[in-house]
Engineer: 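Would you mind keeping the following structure in view while I ask a few things?
Protein chains get the first letters and strands the later ones, always in sequence-line order, with residue 1 at the start of each. The structure displayed is predicted, hence computed values, not measured ones.
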There are 2 protein chains.
Amino acid sequence: MEIRGLEACPIADVIDVLFSRWTTPILWGLHERGRQRFGDLERHVPGISPKVLTQRLRQLERDGLVARTYHAEVPPRVEYEITPLGASLEPLFGSLSAWGATNMPSIEKARRAYDG
Amino acid sequence: MEIRGLEACPIADVIDVLFSRWTTPILWGLHERGRQRFGDLERHVPGISPKVLTQRLRQLERDGLVARTYHAEVPPRVEYEITPLGASLEPLFGSLSAWGATNMPSIEKARRAYDG
DNA sequence: CAGTATCCAATCCGATACTG
DNA sequence: CAGTATCGGATTGGATACTG
């Protein structure tokens, strides 16, 4: 999650922040359904384990993309939400989504040609 | 390099194609310096081993982002270049770079606040 | 509920040596 | 030159059981 070509590639740092495993589905889920609890995220991000979800949430919190709110109740309640910094990613994710919609078919086609 | 949240996140597939490890520095190098040989890439992507470089080039070739040309000479000469499909990534990488330039300082700051 | 602790499997990766 | 083969080590991840 760190060595990605270093100095040579000017977007390596950004990629490490935004696209390490699981971060995008988590951000996406928070964006789609808004502020939610740990258990909600666990349910909505298919296949993730509590260990890994915790790791990624901590990373996102540390990077300032997600905010965590702890309510000292019984049982405890913790809520996560996207910060303004995290929300500033929306156009970028939009571009990514658009590029995929346009070009994933070409990629699939290239794969079939290569494999076949 | 495959499970990233699946159905729940619409850009998971694109991310797997574009941002698996080493792919961005390789694409960047090809974009910056144009068509070049295996050894050139090896030198310009710092820290990559020939094994991994081969793996990633094959993946990029399979996905249609990079084209490989083999010249049957002695010694053999192989050249790699970006395809039009690969070149279509430029605006996207530009946006990524711009987002990073604007926001990486905020991320660094958030990290210092979290760690300190 | 919201995690943490533990263990194990899979993967990845770097280094190196070798080949057509 | 442009890879491939092999190996060991490090990291990552899933499953599960447990705790304040």
Engineer: Would you mind reading off the distance between A/Glu73 atom CD and C/dC1 atom C1', rounded to a whole angstrom?
Structural biologist: 10 Å

Engineer: When you measure from the side chain of A/Thr54, which nucleotide among D/dG3, C/dT4, C/dC1 comes out closest?
Structural biologist: C/dT4

Engineer: For D/dG20, give the paired nucleotide (Watson-Crick: N1-N3 plus N6-O4 or O6-N4; G-U: N1-O2 and O6-N3; both under 3.5 Å), or none.
Structural biologist: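 C/dC1 is the nucleotide pairing with D/dG20.
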
Engineer: Rounded to whole Å, how long is the line connecting atom CZ of B/Arg21 with atom P of C/dC12?
Structural biologist: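 Result: 10 Å.
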
Engineer: OP1 or OP2 of D/dT4 versus the side-chain N and O atoms of B/Arg58: is any pair under 4.0 Å?
Structural biologist: yes

Engineer: Name the residue closer to the 5' end of DNA chain D, choosing between A/Ser49 and A/Pro76 according to the nucleotide with the nearest heavy atom.
Structural biologist: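 Closer to the 5' end of DNA chain D: A/Ser49.
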
Engineer: Using only side-chain N and O atoms of B/Arg37, determine if any of them is under 4.0 Å from OP1 or OP2 of D/dA2.
Structural biologist: yes

Engineer: Could you tell me whether the side chains of B/Arg56 and B/Gln59 share a donor-acceptor contact shorter than 3.5 Å?
Structural biologist: yes

Engineer: Is B/Tyr80 close enough to D/dC1 that one of its side-chain N or O atoms is under 4.0 Å from OP1 or OP2 there?
Structural biologist: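 The answer is no; no side-chain N or O of B/Tyr80 sits under 4.0 Å from OP1 or OP2.
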
Engineer: Got a second to check how far A/Thr24's OG1 is from A/Trp28's CH2, nearest 0.5 Å?
Structural biologist: 10.5 Å

Engineer: With rounding to the nearest 0.5 angstrom, report the CG to CZ distance, A/Asp63 to A/Arg58.
Structural biologist: 13.5 Å

Engineer: From CD of B/Glu42 over to C1' of D/dT4, roughly how many Å is that when rounded to an integer?
Structural biologist: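 These atoms are roughly 13 Å apart.
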
